[in-house]
> 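Supplied in structure tokens, the structure appears directly below.
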2 protein chains.
Amino acid sequence: MNYDSLKLENQVCFPLYVCAKEVINKYRPLLDRFDLTYTQYITMMVLWETSPIISKELCRKLYLDSGTLTPLLKKLECKGYITRCRDNDDERNLVVCITEKGMALRDEIISVPESVRSCIPVPDEDLQQLYVILYKILEKL
Amino acid sequence: MNYDSLKLENQVCFPLYVCAKEVINKYRPLLDRFDLTYTQYITMMVLWETSPIISKELCRKLYLDSGTLTPLLKKLECKGYITRCRDNDDERNLVVCITEKGMALRDEIISVPESVRSCIPVPDEDLQQLYVILYKILEKL
DNA sequence: CAAAATTAAATTGTATACAATTAATTTATA
DNA sequence: TATAAATTAATTGTATACAATTTAATTTTG
């Protein structure tokens with residue numbers, strides 16, 4: 001039998017998985033200073049754009065479920081970056097609001113994207129192409 | 001201040017992270033039948049190609065550390081797919097060998113790559129491009 | 001309107017991931 | 001050659017991820 005399809009080098013998912021991991025690892029030392037993990041960081045990104053926001057919406061935008069977000073949001077609350085409270089109109093919903101401290105974090109963290117970019121020494125065109133293909137796939141999934 | 005660089009839509013890492021997660025999620029129902037996780041599956045892929053292999057080499061090929069691999073290998077051993085023993089020449093090294101049962105698994109699992117491929121309805125050219133860019137980045141990291 | 005169905009967050013359990021440390025072994029060196 | 005340095009797995013601790021279940025609230029429906 002021909003087992004070529006089961007070779008690691010013939011997989012697209014493997015470099016995708018490794019690349020995502022390794023790029024996220026580049027964020028770690030940069031985000032450590034702010035006591036944030038990568039997942040907490042992208043959560044803050046949504047909140048800098050949209051606050052207040054319902055937890056369900058946050059889950060949808062971040063492609064995460066409540067099992068992941070519930071403890072993460074509690075941690076961000078402990079750090080003082082967000083508040084969590086129930087929606088009066090529908091008590092099932094959790095309303096997440098960014099705090100002043102959370103909003104202020106944006107100014108401090110502004111240099112992170114550029115720092116990460118400098119860790120990935122490939123041309124802009126490659127990253128642009130990568131971006132387009134990834135969203136093309138995400139749309140179809 | 002201009003905060004565009006902190007918008008989720010302007011990140012390359014975010015779709016990379018989500019895409020990797022979502023594609024791996026496509027493997028889940030397919031691998032469940034074999035009682036394997038994605039990480040266990042790619043570990044088996046290395047072993048189908050190379051056995052015996054030193055744990056250190058396995059770590060290097062999979063971009064994982066011993067904190068992740070040690071418990072994973074113990075699980076694969078419990079399932080009867082591999083054996084773990086020390087290298088007589090250098091007792092620090094852990095030698096991982098595939099078992100007959102592990103080798104037989106390859107024939108059963110052969111259809112998985114095609115099944116996953118069919119879950120990602122984009123042209124081959126896109127995946128080919130993706131593959132090239134991802135390895136280009138990995139080489140530089 | 002009351003019961004059933006639906007929805008959303010939280011909880012529980014399992015499996016990664018990785019940093020930091022520890023323990024055992026081997027290699028280098030004074 | 002005895003000790004220091006280096007190497008490798010394993011361990012410990014923290015933080016995701018996600019499936020499955022539970023709980024509480026809301027909506028639908030008979």
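Numbered from 1 within each chain, the chains take letters A, B, ... in sequence-line order.
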> Taking S51(A) for its side chain and I98(A) for its backbone only, find out whether a donor-acceptor pair lies under 3.5 Å.
yes
> Without swapping roles, check the side chain of Q40(B) against the backbone of T37(B) for a donor-acceptor pair under 3.5 Å.
yes
> Between Y17(B) and dA17(D), does any side-chain N or O lie under 4.0 Å from OP1 or OP2?
yes
> With a 4.5 Å cut-off on side-chain heavy-atom distances among I, L, V, M, F, W and Y, is there a chain of contacts connecting I110(B) to V112(B)?
yes
> Quick one: which of dA17(D), dA9(C), dT25(C) gets closest to the side chain of R92(B)?
dT25(C)
> To the nearest Å, give me how far apart NZ (K56(B)) and C1' (dT7(D)) are.
8 Å
> Separation of D65(B) atom CG from dA15(C) atom P, in whole Å?
18 Å
> Without decimals, in angstroms, what is the distance between L94(B) CG and dT25(C) C1'?
14 Å
> What is the distance from CG of D87(A) to P of dT7(C), rounded to the nearest Å?
17 Å
> For N93(A), which contact category applies under a 4.0 Å heavy-atom criterion: base, sugar-phosphate, or nothing?
sugar-phosphate
> Hey, can you tell me if Y41(A) and W48(A) have their rings parallel, tilted or perpendicular (30° and 60° cut-offs)?
perpendicular
> Find out whether the Lys NZ or Arg CZ of R106(B) is both under 6.0 angstrom from the six-membered ring centre of Y3(A) and within 45° of the ring's axis.
yes
> Any chain of hydrophobic side-chain contacts (each under 4.5 Å) joining L127(A) to I133(A)?
yes
> Take atom CG of L64(B) and atom P of dA15(C), then tell me their distance rounded to the nearest Å.
16 Å
> To the nearest Å, give me how far apart NZ (K21(A)) and C1' (dT16(D)) are.
14 Å
> With sugar-phosphate meaning primed atoms plus P, OP1 and OP2, does D90(B) contact a base, only sugar-phosphate, or nothing at under 4.0 Å between heavy atoms?
sugar-phosphate
> Just to be sure I understand the geometry, which residues of residues 23-47 of chain B put a non-hydrogen atom under 4.0 Å away from DNA chain D?
N25(B), R28(B)
> Can you confirm whether I109(B) sits close enough to L36(B) that some side-chain heavy atom of one is under 4.5 Å from a side-chain heavy atom of the other?
yes
> Using atom types as modelled, flag every donor-acceptor pair under 3.5 Å from a side chain in residues 5-12 of chain A to any protein atom, sequence neighbours excluded.
{"residue": "N10(A)", "atom": "ND2", "partner": "D4(A)", "partner atom": "O", "Å": "2.7"}
{"residue": "Q11(A)", "atom": "NE2", "partner": "S5(A)", "partner atom": "O", "Å": "2.6"}
{"residue": "Q11(A)", "atom": "NE2", "partner": "K7(A)", "partner atom": "O", "Å": "3.1"}

> Hey, does the side chain of R86(A) come within less than 4.0 Å of dA10(C)'s phosphate (OP1/OP2), counting only N and O?
yes
> Closest to the E22(A) side chain: dA10(D), dA9(C), dC18(C)?
dC18(C)
> Please give, in whole Å, the distance from dT8(D) P to I53(B) CD1?
14 Å
> For a quick check of understanding: with a heavy-atom distance under 4.0 Å over all strands, which category does S66(B) fall into, base, sugar-phosphate or nothing?
base
> With a 4.0 Å cut-off on heavy atoms, is L69(A) in touch with a base, just the backbone sugar-phosphate, or nothing at all?
nothing
> Would you say that more than 12 heavy atoms from the other residues, nucleotides or ligands in this model lie under 6.0 Å from the NZ of K56(B), or not?
no
> Mapping N88(B) and S55(A) onto DNA chain C by nearest heavy atom, which one lands closer to the 5' end?
S55(A)
> Is the Lys NZ or Arg CZ of K21(A) less than 6.0 Å from the centre of Y17(A)'s six-membered ring, within 45° of the axis?
yes
> If you take any heavy atom closer than 4.0 Å to DNA chain D, which residues from residues 70-83 of chain B end up in contact?
T70(B), K74(B)
> R84(B) near the nucleic acid: base, sugar-phosphate alone, or nothing, with a heavy-atom cut-off under 4.0 Å?
sugar-phosphate
